[in-house]
Amino acid sequence: MSDHYQVPETPAQENISFELNGEAVTRSAPSAETLLDILRESGQITSARAGCRVGRCGACQVLLDGRAVPSCLVMAWQLPGHHVETVEGLNKDPDFLSVRDALASESALQCGYCTPGFAVSLVAGIRQRRQGSTVDLTESVAGNLCRCTGYGGLRRAIDQLSAPGCPDEADGQGASLSENQ
Amino acid sequence: MVPVNNEVTERQAVRVMRPESPRQAVSFAKRFRAPYIAGGTWLQPSCERDRQWPAQLVVLNPDWPAFRGIRETDGGLSIGALTTLDELAHHPLTALYLPPLNGLIKRVAGPGVRHLGTVGGNLLAGGDLSALALALDTEVDVVGGKGSNRRPLARWFLDRPVSDLLRSVTVPDCRGWRVSVEKLGYRERFSPTRATVACVHDGEQVQLGVCGEGGSGRLMVTEAMLRDEGIRELTDLAIVMDSELEALGWHDTRLRLAARRMLESGLMEVTRDA
Amino acid sequence: MTHENPPGIAGNLTTLDGDSVRNSASKMDLTQRIEGRLAYATDQRHLPGLLYGAILRSACAHALITRVDISQALGMPGVHAVIKADDVPGLNRFGIVIRDQPVFCDERVRYEGDAIAAVAADTPEQARAALNAIEVDYQPLPVVSDAALAEQQIALHNSHEKHGGSNLLARETLECGDIDDAFARCAVVAEHQYQTPRQMHAFMETEGGVAIPDGKGGVLFRVGCQSGHRDAEQLADILGIPHEQVTVEAMATGGAFGGKDELTVQPAAGLLALKTGRPVMIHLDRFESCRTGIKRHPVSVKMTTGCDAAGRLLAHKVEAILDTGAYASLGPAVLENYLDHATAPLYRIEAYRVSGRLVYTNNGVCGAFRGFGGNQATFAVESQLDALAHSLGVEPAALRRINLRSPGDAGSRNQTVRWTAPPADVLTAAVASPLWSRHDTDTGRWLTGTGMAMGAQGNGLGDGLPDSGGGRISLSPAGRICVEFGFSDYGQNIVESITRSVCNGVGCRETDVEVALGSSRGPDSGPTSASRSSVLVHSVLASILPRWIGAVRGHAARLSGHPEEGLEFGPGGMFFNGRQVLSYRELAESASPDEMAASASRDFPVAPDSGQPVGRYLQLQIATVARVAVDRLTGRVRVTDLHHVTAAGRVIYPPGYLGQIEGAAVMGQGMALTEDMTTRDGSYLADNLDQYLIPTFHDAPLQRVDVLDDTPEDDPFPVRGVGELGIEAVAPAITAAIEAATGVRVRRLPVDPGDLLVAMAAKEQTL
């Protein structure tokens, strides 16, 4: 019975429409192309970087519908209808700015190749926390590898971002609890 | 490796088929001997490594009924195969039925991969969840060439046609059971499993599952011995457990020792004061 | 943060903590990196006409090549050029010490990363597809895979005159005193075998960059590298063009650690660029990087060390074998540094015979890697001291204190040494670590323990290697104080520390300074390696700043009419009586650039009493205290804390100093616990970051870095390089802590949890 199905034409190349940093884009790409290569091909996005191409280093991390994912594991066919954000599109986002300032003031990077990936993971964690979840930011970066720093500066930056009174907690319970005491 | 025909060397040449239904997916998979793809977090690394891609991929659609999400059923907790590992981790029903999963899941892949990777993919790759799934007597709901059917995961693992499509898994109502699960990796996070072990006490008996470098399975002989003799004779138990692990494929004696000690510790935990 | 010194320490002991970082972090460059705006070598995809290159690697670890046929590949879609050995117009060889590595192999392949041919095509996929169409016939040769047996096996380089007929590439023995007599007087002797792994650098940005033809026969390289000038020389010889026609601009590099010291993609990219007349990018993917890239030398060593009943070290014998793999790269220099560190530079030993052999095998290629053989030696030396302390029944720290050198003593090679603090004070500070007093009563699942090791490290390239470097300062037309050095920036905060030194020396502000690095057209500073940059930067600046300041001030006086003596450098320009009278831009506009420039080259400081640099003159020290928890169930080891006491001169840029120590330490922890590129028959068993596992955030311990600075006032070299210091003593500190926790001493790295578990189980049984 199954033999009666018509196999749809499945070109290896297709037009992929998705949202990139708030703008609708359409890219012609092979169906199984990685999001990482789609982003980098234009030359506009350089913050997502190939480190391993098997999803194990986090250097290509981007936000897919707000969740941090390695873009080398997202295939073109998975993109239509979804929203991709990279640090190029986050530079006015208050959560990104607090992450950026924490990383910079704690000198949490050296070569910087992995850093946008870390920033993306932290932004995702902070957004999740903003929505009311309990988030351990150290778990947000468990999939990001850094070879230079030994994570000391990152630990200090995460401490800063987890302290009561952080930007996203300013209107919430964190600040008011400390005032009530 | 995924058995495929018509392999290509570049991912750019892969053709993606989007079936309209699970039945059509099975039909495509059979006709083209093409693998299914859901999260792709396991398939892509192995294809990148081998520089060999299937000429076709059959895309699974999480919107198909029962393929994604977690719900309570008469038989227990039903988990759609396309539920992501992250959804599983954060679902309130997971906390209700399987509280120990909360500790384990942090050590399963990395957070980014957990957003993409699925429960079904993890089980089929022999990932960390399989030890627990086996110990819990999980049943699978499978769409095959001859329609759907339900059977124990352990049996399905033994003789699974590659075109069988996993729709969902059901774990029994394990609220109130004692469950312990423990992973040994190479490092603290984001490590392949060396040994993951699960011990389950349903109030009457103990069930043990393992997965990792020596393969996945249930320790039925050890369970039987526990039923008959309890855990009073730890030395004898160790000998039985050791030979059972070896028979499963755990050939490294040192790793067997670690797995055994983890199992013993789990056993103590689930049988304490029981 | 300065706190109360433990008793007996005269120098200044400071903890580098978050406050010292936050108060001094230079955020400009960091922000650019965080926002992903910094251009790395592998980002240059926008170049017009860019082609993508790919390199065909050997299918065998050891074989003769009988045929290479590129004809089919030439006709593949998108392909612009396919080249092989006979397309190399110049020298088909490269290598920093010995040029023994072919750009493209034509007769023989010696490891699985050997290059045979390369393709340039419109897309990376087309380039890879063309590689698949190149036909190569191999005639396999026996694989030399065991370094210990290599000298009895088929020679990899039998045509090579220097070591024809043998795989022994180099051997060296350092001797002092009468070792037989000294051993005869020993009350206790420890003899052990140690093994350290073939660690991979695992920089996050794999090797890559572009070669851009200038249309006149020359090539510009924009690549991740460590030594622009040296690379330019080698590349000119390969391309067969005059040196002036090769320019190397080191781009921001995503990590190096020694792994980009040797040429990587440059030869193939340059040849393809000349052949096609178009820019060519080659960016190795991680699989190819793992397979082809340089690794740390695995060392197998037997050490025999003895002391008298009072614990005084009398005799020390070392027999080491270093596996350099298929080509020499920096192997001979690594051997030399290994042996230097194996003489135990921190301790007085009456007699030693330290010998090592460096052999070729088909196991990849080994070369420069942070620590450079030194940390491999220190692992064994420090373990030996613990073994002797154990036999004598004394505290490891007590045994060390008996034997540590004093500041006035000569070095282990009888050379003059400049310490920046007495070694005994470093030990005292380490013994005072709060980690020792943390006693867990938990006898449950996790066994905890604390251990310590010390290490010394010299700055500079080492014995017999020409070592010098220059720099230049000028006022740019835009009024920026422009400082040029030939060093590369791969994240070691060199820009910030140069800026800080210039600001301190001149009195300007950070934004007035512009640092330009890594151009082979700029000053030759020598390689960015051997922790030498900071020392050279300081020496060169010490020479050029006064001259430059004098020239600029004189010019400013003429221009403003104010007397020279009253003119001060300040933020943005020159000040007189607290008021700005000239901006730097106005100054620049009023003179030709050469009028206000100064440059100098300095030889790297070596021990003044020897014509040839022998041993290390500028010595640094570290003591690392490690705390570990070992899982009784599985043998798994977690490093919970590392506390370092460093004596490495003055801290110029606190975030950089702290980051170097912390980063190197976690790298050393990786080497101690999980990292090894093991081979079977010359094939690597891991090929990506899902199999080669470096520490994650959750593996990294809490760390504390205390800086002890007691540099004598008259020391002309108060600034030292700390890029490698942090890795020196980590591994032996961790194994000492494991021993404290379990009673088991591990002498083979990385620690195998299975072996450890079995040894722990055996101990439990005997209890």
Side-chain angles (χ1 to χ4, degrees), chain A residues 1-14 29-35 37 50 52-78 80 117 120-121 124-125 128 133-145, chain B residues 8 10-21 23-32 34 37-49 53-59 84 86-87 89-90 105-107 109-117 145-146 163 187-192:
Chain A
M1 173 184 87
S2 57
D3 287 338
H4 297 290
Y5 287 117
Q6 282 297 304
V7 181
E9 189 57 32
T10 54
Q13 188 91 10
E14 47 187 305
S31 317
E33 186 71 285
T34 65
L35 171 57
D37 283 332
C52 68
R53 288 191 179 274
V54 293
R56 300 299 186 270
C57 77
C60 68
Q61 205 96 316
V62 300
L63 295 175
L64 181 67
D65 299 332
R67 294 182 305 251
V69 297
S71 60
C72 69
L73 287 183
V74 177
M75 295 166 118
W77 62 266
Q78 291 169 307
V120 162
S121 295
Q128 219 181 320
S133 314
T134 315
V135 173
D136 177 353
L137 289 179
T138 69
E139 293 296 344
S140 305
V141 298
N144 293 82
L145 299 178
Chain B
V8 293
E10 299 295 325
R11 64 158 71 225
Q12 286 76 15
V14 174
R15 295 169 100 81
V16 168
M17 294 187 285
R18 296 178 177 78
E20 284 164 14
S21 67
R23 293 296 302 277
Q24 193 178 38
V26 174
S27 151
F28 285 176
K30 285 177 89 157
R31 175 140 30 125
F32 297 97
I37 184 162
T41 59
W42 174 74
L43 182 129
Q44 290 184 84
S46 55
C47 294
E48 286 279 347
R49 169 160 284 124
W53 292 79
Q56 286 93 16
L57 286 173
V58 180
V59 166
T84 66
D86 189 70
E87 287 162 355
H90 290 107
I105 210 94
K106 282 192 280 202
R107 295 166 53 84
V113 171
R114 293 198 295 269
H115 283 129
L116 301 169
K146 303 188 186 84
S163 60
R187 61 182 179 197
E188 292 299 314
R189 292 286 184 281
F190 213 4
S191 167

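Residue numbers begin at 1 in each chain, while the letters A, B, ... track the order of the sequences. Hydrogens, waters and symmetry mates play no part in the numbers below; they use all other heavy atoms, side chains included.
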My understanding is that only residues two or more places apart in sequence, or in another chain, count here; which of them pass salt bridge (Lys or Arg N to Asp or Glu O under 4.0 Å) with B/Asp86? none
Salt bridge (Lys or Arg N to Asp or Glu O under 4.0 Å) with B/Glu188: which residues, sequence neighbours excluded? B/Arg107, C/Arg636
Answer whether the closest heavy-atom distance between the side chains of [X] and [Y] falls below 4.5 Å.
| X | Y | answer |
| --- | --- | --- |
| A/Arg56 | B/Val113 | yes |
| A/Met75 | B/Ile37 | yes |
| B/Thr41 | A/Pro70 | no |

A/Glu33 side, atom CD; B/Arg11 side, atom CZ - distance, nearest 0.5 Å: 7.0 Å
Interatomic distance, B/His115 atom NE2 to A/Leu63 atom CG [nearest 0.5 angstrom]: 10.0 Å
Closest heavy-atom pair, B/Arg189 versus A/Glu139, reported as atoms and distance to 0.1 Å, is NH2-OE2, 2.6 Å
For the student: nearest non-hydrogen atoms of B/Pro111 and A/Gly143, plus distance: CD-N, 3.5 Å
Indicate yes or no for a side-chain donor-acceptor contact from B/Gln44 to the backbone of A/Leu73 under 3.5 Å, with no hydrogens or angles considered. yes
Among A/Val120, A/Asp136, A/Val54, A/Leu145, the residue with the most heavy-atom pairs under 4.5 Å to chain B is A/Val54
Run the salt-bridge test on B/Arg18 and A/Glu14 with the 4.0 Å N-O cut-off and return the result as yes or no. yes
Quick check on [X] against chain B: is it the side chain, the backbone, both or neither that has a heavy atom closer than 4.5 Å?
| X | answer |
| --- | --- |
| A/Ala68 | backbone |
| A/Thr34 | both |
| A/Cys52 | neither |

Quick check for you: among B/Arg114, B/Glu20, B/Lys106, which has the greatest number of heavy-atom pairs under 4.5 Å with chain A? B/Lys106
